[in-house]
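Just so you know, these numbers use all the heavy atoms, side chains as well, and skip hydrogens, waters and symmetry mates. Here is the naming used below: chain letters follow the sequence lines, and residue numbers restart at 1 for every chain.
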Number of protein chains: 2
Amino acid sequence: MRELKAEEALFHQGSDASLVYTVISGSLRLGRLLFDGRRQITGFALPGEFLGIAMDELHDVTAEALEPSRIWCFPRLRFDSLVASIPPLKDSLLERARQDLTAAQQQFIVLGRKTAIERVASFLVYLHRRFERTAGTSLSNITLPMGRADIADYLGLTKETVSRVFSQLRNSRIIRLETLTCIQILNQPALEAVAEGE
Amino acid sequence: MRELKAEEALFHQGSDASLVYTVISGSLRLGRLLFDGRRQITGFALPGEFLGIAMDELHDVTAEALEPSRIWCFPRLRFDSLVASIPPLKDSLLERARQDLTAAQQQFIVLGRKTAIERVASFLVYLHRRFERTAGTSLSNITLPMGRADIADYLGLTKETVSRVFSQLRNSRIIRLETLTCIQILNQPALEAVAEGE
DNA sequence: CGGTTTATTGATTCAGTTCAAAGCACGTGG
DNA sequence: CCACGTGCTTTGAACTGAATCAATAAACCG
């Protein structure tokens, strides 16, 4: 078990991947750096999710807490023998990998072909679905655990552009900013339409 | 077994994924369309590679031949029972999924954070490694089976920008265009440096 | 409250797109 | 075997969406 303060790293890109993790509470960002400081966030980890499973030997991303977080740690060797002793577990790993690959395809379109407003709308729709899945109920609000710069680095934009797009979506009455981090979706069909470029 | 003419589709996004495939000869592009015609190529399939394995029920991309190609087809049910009867096969599927996910991370940086010249250089380095792996020998030439528009849609650029960057790399004596589709790498360290933004 | 960090907004710049016009390669048929 | 047509590719000129640079303004926090 590990307690992370906000901004503290759980592991770094290139470090030894001898442990696997589950998020108990809090949230993390996963990302890579280009040597000159450019950063690409490749995903976010929310409670209940596994981390470090896909790697072999070395971690291929850095994981940092977005807020104070509690993480359950598990030796990789023990995890591997657990998987070996319970065959259906391997199927769920495979299933999970498939889902991640399908999600990656979506993100390719976002990063390669969508405009700034389409990216931000896609992101809000995606987070909203993810939070609803976790909560198990329908939600009209989403609380962003990450700042504007993290969203920007996830979407291949700058924090200024993300901020401008939020304002734009607010002015179109598609979302409402309850606080900096709590967003209410006022017009979900419109948000989804924007996300798909319609 | 199926023979495809250039530009012919093997399967379409959203179609029933009741078969899995191996490329015998030729090559294909995998991609998705946004309803307004914007396209993102998510990958290329070369001889010896499997297709349609990751999907459940429906294909999540369209696969089209880049050149006349020969494809071996295999009923999914038969493939699944084969995997079930030979446990190590499941491990290689998992290993393959891991590799694909790591490659996806690379592509996130390319699409989200790299400049046009860095993207094209990354692409050439990547293709070169892949061809060398397949050939089993060191190569100084790469023959591109795809046109400029396909490269552009893979890298999130336009065909014009790809063309301009090729000219730029040619003028810097980093590559030489033997023909439109055959590229000689004159200065591999320089190409790799450009790819990483150095 | 101050002080600090983070977000928003504004002005300007620039990389890459778009639109437009050659230039080339390649196949086909005379 | 060469002329012609067609479909890429390359190059040029102008435009534009997002980045960058630069102030505010708002939230957060001891």
Strictly distance-based, threshold 3.5 Å: is any side-chain N or O of B/K114 a donor or acceptor partner for the main-chain N or O of B/A195?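 Present.
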Between A/H128 and A/L139, is there a donor-acceptor pair closer than 3.5 Å when you use the side chain of the first and the backbone of the second?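 The answer is yes, because a donor-acceptor pair under 3.5 Å joins these two groups.
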Rounded interatomic separation in angstrom, taking [atom1] from [X] and [atom2] from [N]:
| X | N | atom1 | atom2 | answer |
| --- | --- | --- | --- | --- |
| B/R170 | C/dC24 | CZ | C1' | 13 Å |
| B/I183 | D/dT9 | CD1 | P | 11 Å |
| B/I175 | D/dT9 | CD1 | C1' | 14 Å |
| B/K159 | D/dG7 | NZ | P | 14 Å |
| A/K114 | C/dT17 | NZ | P | 18 Å |
| A/R148 | C/dT9 | CZ | P | 11 Å |
| B/L177 | D/dT10 | CG | P | 6 Å |
| A/Q168 | D/dA18 | CD | C1' | 12 Å |

Sugar-phosphate only, base, or nothing, as touched by [X] at under 4.0 Å among non-hydrogen atoms:
| X | result |
| --- | --- |
| B/T161 | base |
| B/R119 | nothing |
| B/T179 | nothing |

Checking contacts here: which listed nucleotide ([options]) is nearest the side-chain heavy atoms of [X]?
| X | options | answer |
| --- | --- | --- |
| B/F166 | C/dT8, D/dA19, D/dT10 | D/dT10 |
| B/T115 | D/dT20, D/dT9, C/dG16 | C/dG16 |
| A/L180 | D/dT10, C/dT17, D/dA27 | D/dA27 |

Does atom CZ of B/R76 have more than 12 heavy-atom neighbours, drawn from other residues, nucleotides or ligands, at distances under 6.0 Å?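 Correct, the count exceeds 12.
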When you check the phosphate oxygens OP1 and OP2 of C/dT17, does a side-chain N or O of B/T158 lie under 4.0 Å from one of them?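 Affirmative; the distance criterion is met.
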Quick one: is A/S163 getting a side-chain N or O under 4.0 Å of the C/dA7 phosphate, OP1 or OP2?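 No.
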Taking atom types as they are modelled, would you say the side chain of B/R164 forms a donor-acceptor pair with the base of D/dG12 within the 3.5 Å cutoff?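 Looking at the base of D/dG12, it does pair with a donor or acceptor on the side chain of B/R164 (distance under 3.5 Å).
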Residue whose closest nucleotide on DNA chain C lies nearer the 5' end, A/E160 versus A/R113: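 The answer here is A/E160.
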Using the salt bridge (Lys or Arg N to Asp or Glu O under 4.0 Å) rule, take A/D153 and A/R29 through it: C-alpha gap first, then chi angles, then the decisive distance, then the call. CA-CA 10 Å; A/D153 283 346; A/R29 61 173 177 247; over 6 Å; no
Report the C-alpha separation of A/Y21 and A/F74 in whole Å, then their side-chain angles, then the decisive distance to 0.1 Å, and conclude whether the ring pair (Phe, Tyr, Trp, His ring centres under 6.0 Å) test is met. CA-CA 6 Å; A/Y21 309 90; A/F74 211 79; over 10 Å; no
